[in-house]
Protein chains: 2
Amino acid sequence: METRRIDPVNCSVARALSVVGERWSLLIVREALDGARRFGEFHSRLGIARNLLATRLETLVTAGVMRRVPYQEPGDRQRFGYELTEQGRALRPTLVALLEWGDRYLADPQGPSVIVRHRPVDGTDSCDEPVKVVLECAAGHSHLAPDDICRTPGPGARFVEGP
Amino acid sequence: METRRIDPVNCSVARALSVVGERWSLLIVREALDGARRFGEFHSRLGIARNLLATRLETLVTAGVMRRVPYQEPGDRQRFGYELTEQGRALRPTLVALLEWGDRYLADPQGPSVIVRHRPVDGTDSCDEPVKVVLECAAGHSHLAPDDICRTPGPGARFVEGP
DNA sequence: CCATCTGAGTTGAAAAACTAAACTCACGAA
DNA sequence: TTCGTGAGTTTAGTTTTTCAACTCAGATGG
């Protein structure tokens, strides 16, 4: 009886979570997507402890999710802030998926506090309609239900024995 | 100068993370999506400490993500296992989004270890093509880029002052 | 009947992560 | 020279997480 399974430890979900799975990490990314740049902005928006914020920002920078950038207010010295890299902005679908899930199952009685809309930053082609996350296969089938998909081993799969 | 912003604390992302944002929670959900049922399966697949696993499962059950179900092996006493509720299965897009992000930026040099394919559990209409997460607006614009969307206040929005 | 096995949890102590608040450091302004 | 600002750091106390050993309930077997 073959009971090999894909090794659950050698998995991109686990690796992704080792980068953004710590407490606060995804909220820092969310605030950055919402325009936060400065240490103090992240601190006051989130209420995270300052030392932990410093550690998290450093982790995110090391992982390539954020980048440390100098800025200078007129009549002030140069300081450093943080912005998302392309890798960091690519977390947007993850955050939208979490938002959607939270809206559906844990919403404020009043309804969602945030609605994500289709509105490009440059203002062109703005339709302003709400945005959803959908699962779509390469053959073009869209809006797949959670049970319409399965996991198969990829080229980097390791295997383990057992149930 | 108005500087009101949507309160970042009263947000479905934060609420979602308060349920599934702790270490191991999403990995437990992932294993459950992959068929794990029993305490010992989660334990040996993930290598999580047993007491923590017990705590997490209880949290997930309380939150409505999982459900405690009796099972009985022939010639053994009744025991309890865990399965996802519909609410738990609805986390699939979140996990696929994380998987995709991990594959893109943190992959094993060999390539992804898991490929998600379009294959319904009942076997009908199986095309087996790889599945991706895409952002799509209600007007039908699909494959939106991270910068093509913005956040706007919803009916449950609270506001805060400051930068 | 009694010892043994199995698998789901508990317990308890040590290590690591998190919080809160005070402190440092560099510089521009008064 | 002193004060204010904003990015961090330090320190001390609390909470989480880890690891390993233990309990508990029933089936099995002598």
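In what follows, chains carry the letters A, B, and so on, assigned in the order in which the sequence lines appear, proteins first and then strands, with residues in each chain numbered from 1.
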Using a cutoff of under 3.5 Å, can you pull out all pairs of nitrogen or oxygen atoms linking the protein to nucleotides 1-5 of chain D, with atom names and distances?
from	atom 1	to	atom 2	distance (Å)
D/dT5	O2	A/R79	NH2	3.2

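Of the residues in residues 30-43 of chain B, not one places a heavy atom less than 4.0 Å from an atom of DNA chain D. Taking every heavy atom of residues 48-68 of chain A and every atom of DNA chain C, pairs under 4.0 Å involve A/A49, A/R50, A/N51, A/L52, A/R56, by number.
Between A/Q78 atom CD and D/dG6 atom C1' there is a gap of 14 Å when expressed in whole angstrom units.
Using a 4.5 Å heavy-atom threshold, the side chains of B/P155 and A/I115 count as touching. In this structure, the side chains of A/V114 and B/T152 stay at 4.5 Å or more apart for every pair of heavy atoms.
Contacts of A/E83 classified as salt bridge (Lys or Arg N to Asp or Glu O under 4.0 Å), with partners at least two apart in sequence or in another chain: A/R37, A/R67. Here B/R117 pairs with nothing under the salt bridge (Lys or Arg N to Asp or Glu O under 4.0 Å) rule; sequence neighbours left out. Looking at residues two or more places apart in sequence or on another chain, you find a side chain to side chain contact (heavy atoms under 4.5 Å, CB included) between A/R158 and A/D7, A/N10, B/D108, B/Q110. Every residue two or more places apart in sequence or in another chain was checked for a salt bridge (Lys or Arg N to Asp or Glu O under 4.0 Å) with B/R68, and none qualifies. For B/S44, there are no side chain to side chain contact (heavy atoms under 4.5 Å, CB included) partners two or more places apart in sequence or in a different chain.
Each ring pair (Phe, Tyr, Trp, His ring centres under 6.0 Å) pair with one or both residues in residues 123-163 of chain B, not counting sequence neighbours, appears once here: A/H118-B/H141. The side chain to side chain donor-acceptor pair (under 3.5 Å) analysis of residues 12-30 of chain A, with sequence neighbours excluded, yields the pairs A/S12-B/D103.
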Go through A/E86 and B/Y105 one step at a time and tell me if the side-chain hydrogen bond (donor to acceptor under 3.5 Å, both in side chains) criterion holds.
-> CA-CA 10 Å; A/E86 183 259 336; B/Y105 297 105; 2.7 Å; yes
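Comparing A/Q72 and A/R23 along DNA chain C, the residue whose closest nucleotide (by nearest heavy atom) sits nearer the 5' end is A/R23.
Between the side chain of A/W101 and the backbone N or O of A/L106, no donor-acceptor pair lies under 3.5 Å. Remark: side-chain polar atoms of A/T85 are paired, donor with acceptor, to backbone N or O of A/V65 under 3.5 angstrom.
Once you apply a 4.0 Å limit to the heavy atoms of chain A, the touched nucleotides of DNA chain C run 5' to 3' over C/dC18 to C/dA29.
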Quiz: residues 89-97 of chain A side-chain donor-acceptor pairs under 3.5 angstrom, not counting sequence neighbours:
from	atom 1	to	atom 2	distance (Å)
A/R89	NH1	A/L84	O	3.4
A/R92	NH1	B/P146	O	3.1

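OP1 or OP2 of D/dT16 has not a single side-chain nitrogen or oxygen of B/W24 nearer than 4.0 Å.
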